[in-house]
Every structure is written in structure tokens, then in C-alpha cells.
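Sequence lines set the chain letters: A, B, ... in the order given, protein chains first and strands last, and positions in each chain run from 1.
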2 protein chains.
Amino acid sequence: MTIKEVCEKFSLTQDTLRYYERVGVIPEVNRTKGGIRDYTDEDIAWVENAVCMRSAGVPVEMLIEYVRLFREGDETLKARRDLLVEARVEVQKNLDKYLTTMERLNYKISRYEEALKTGVLTWDVEDK
Amino acid sequence: MTIKEVCEKFSLTQDTLRYYERVGVIPEVNRTKGGIRDYTDEDIAWVENAVCMRSAGVPVEMLIEYVRLFREGDETLKARRDLLVEARVEVQKNLDKYLTTMERLNYKISRYEEALKTGVLTWDVEDK
DNA sequence: TATTGACTTGGAGTGAACTCCAGGTAGTAT
DNA sequence: ATACTACCTGGAGTTCACTCCAAGTCAATA
């Protein structure tokens, strides 16, 4: 699979894909004899993983560390598990914040809907 | 309330609070005769709102726009509602991504726990 | 009143994560 | 063989959201 196809598949730019490889967010991608990237299923699995993790705010640095450990083999199993658990803690924290914010937004919006119907906007002090 | 107290209350730095005010993420804060910030309950409500929204990734630019509209008065009710709805769409999108990532992390971690017990790590192609 | 420590401003600097660019090569169609 | 397009690299530039700094002011204490 060419870089063009992969970046379309995941809605990334080619620059981002090359950047991920360059810094080690994904391992080095398979190439043709000419040196052109030819993504294997495994390469694509790494990209998919990176995209998923990044979309939840897992830092690039953490993904690099995971790939680094992965390449060291089985003796890093525990270290990788610990890294994933650490990532999960962070993602869960953010998830909680997003839920809180959704509640606030829902409340605010309901107040605005009310105001747009009645012409009266009633606020508690804390609703800005 | 002094800037020190407010930034402790919300775990922000003084620089961040001043920055928020400067760029308009919150309206101008009440001051003493000497020019020192003295946050009223209303100022604090704005800070709380900003912190909540920012923690869910709502862009600074959007908060600035909201404050700008707010100060224009009742004729911007609809515009503010629309802005909040727009923010909610984005937050919900991210929320979904975070949930997806949590599932992936849970799955990966369970695989690692398994591997650490049995000594065997079994991957599908897509689990990296 | 002098010192001390917290506060003020405008503006420059930083870190993370891309994003863009110039100059060059690969591969395909004519 | 030539043109043309897609891809390559190293490195510089950009954006966002802070974060830091220098030089000055305020306010409480000795």
C-alpha cells in the first residue's frame, strides 16, 4: 500500500506519516527496491494504533517509547504493560473531564434554548 | 480573592490567569485602587468555566468569541447558543475517540496481563 | 521610612506536534 | 529517451497555548 493510500485511509497527511516514522511513533516502514514506502498490513496496524492513541491525546513521546520497547523483545513485556496502564490512567482522566464538560455544555445550551423561547435568560452566578 | 488564591483553587499558574484575561478567554477582572486583581465571584465563575472548557479541549479562540458575544448583550443569544452547540459537537467527537481508545487500551493491557502470566503473547495482526 | 515580597505590564521564549519547502529520485506513459 | 507525476530527504517554519522574563509598582512589616 502506498503512502497516498494509507494517508487517505486514516485521513492523515503524507508529511504526518513520514514524521511518525522518522521520530519512531511507528517502526520503519517496508520499502520497494527504489526506496519508496510500501506499507504492509503490519505497518498499517502500527499506523492505525498510532492514530487511535494520538486521537485520545496519548503523547507522541509515549508511543515512541512503546515502539522502542517492542523492538527490544519479550524482556520488555512488563515495561510495555506498565506504559499502557500509564496511558490508560491519563486517557481516563481526560475522559472524565470531557464528560464533566459535556454536562456543563448541555446545561448551558438548555438555558439558552429556554432563553430563546421565553426571551428571558436566567443565570446562576456560576453559569457563564 | 487574589490571583494567588484563584490560581491555587484551579491549579493554574498566575501567568495562565493573566494570559486568559489578556487575550479575552475571561472578561477583565475586578481590581483594587492600586491596580491589583481582586477576583469577584463572577470573575471566578468565568475562570471556572474557562478551566472546564479548556480541559475538554475547547479552543481558546472559541472561548474568546463567546466572551466577546456575551459582552454584546442579548442580541447575541442565538449566536452564543450556536457556538456552544458547535463546541458540544467537537467535545462529543473527542469523547467518542477517547472511548474507542480506552477499549483498545483495555484489550491490549488484558493481552499483556495474559502474556505476563503464561509467558506467551498472542497477537492478532492489528494488535500492536 | 526602608525593606521585603507579591503583584503589575509588555513582550519575548518554549514545547509539542505537526507542516512546509527545496532539491532530488522513482516509476510510468508516450 | 523524454516527460510527467508521485515520492524521497533533511531541515526550516508554523500554530497553539501557554510560560518566562525584566523592569517597575503596591502594600504590609520592622
Which pairs would a plain distance check flag for residues 50-61 of chain A, meaning a side-chain donor or acceptor within less than 3.5 Å of a matching protein atom at least two apart in sequence or in another chain?
residue  : atom : partner  : partner atom : Å
Arg54(A) : NH1  : Val58(A) : O            : 2.7
Ser55(A) : OG   : Cys52(A) : O            : 2.7

Anything under 4.0 Å to a heavy atom of chain A counts; send over the first and last such nucleotide of DNA chain C, read 5' to 3'. dA17(C) to dG27(C)
Partners of [X] by salt bridge (charged side-chain N to carboxylate O under 4.0 Å, His left out), sequence neighbours excluded?
X	result
Arg71(A)	none
Glu113(A)	Arg81(B)
Arg31(A)	Glu21(A)
Asp38(A)	none

Pairs involving residues 93-102 of chain A, ordered by first then second residue, that meet salt bridge (charged side-chain N to carboxylate O under 4.0 Å, His left out) (sequence neighbours left out): Glu90(A)-Lys93(A)
If hydrophobic clusters are built from ILVMFWY residues whose side chains come within less than 4.5 Å, do Val85(B) and Leu63(B) share one? yes
Honestly curious: do Leu17(B) and Ile36(B) fall in one hydrophobic cluster under the side-chain, below-4.5 Å linking rule? no
Distances for protein N/O vs nucleotides 2-5 of chain D N/O pairs under 3.5 angstrom?
none

Would you mind listing every ring-ring contact (aromatic ring centres under 6.0 Å, His included) that reaches into residues 85-105 of chain A, with sequence neighbours excluded? Tyr98(A)-Tyr98(B)
If each end axis of the helix from dT1(C)-dA30(D) to dT30(C)-dA1(D) is fitted on five C1' pair positions, the angle between them, to 10 degrees, is 0°
Near DNA chain D, under 4.0 Å by heavy atom, which residues of residues 91-103 of chain A? none
Rounded interatomic separation in angstrom, taking CD1 from Ile3(B) and P from dA27(D): 15 Å
Whole-Å gap separating P (dC7(D)) and OH (Tyr39(A)): 10 Å
Nearest-nucleotide check on DNA chain C, Lys33(A) vs Thr2(B); residue mapping nearer the 5' end is Thr2(B)
What do you reckon, is CD of Glu72(A) surrounded by more than 12 foreign heavy atoms closer than 6.0 Å? yes
Strictly under 4.0 angstrom, non-hydrogen atoms only: write out the protein contact profile of nucleotides 9-24 of chain D, one letter per nucleotide from the 5' end, B, S or -. B-B-----BBBB----
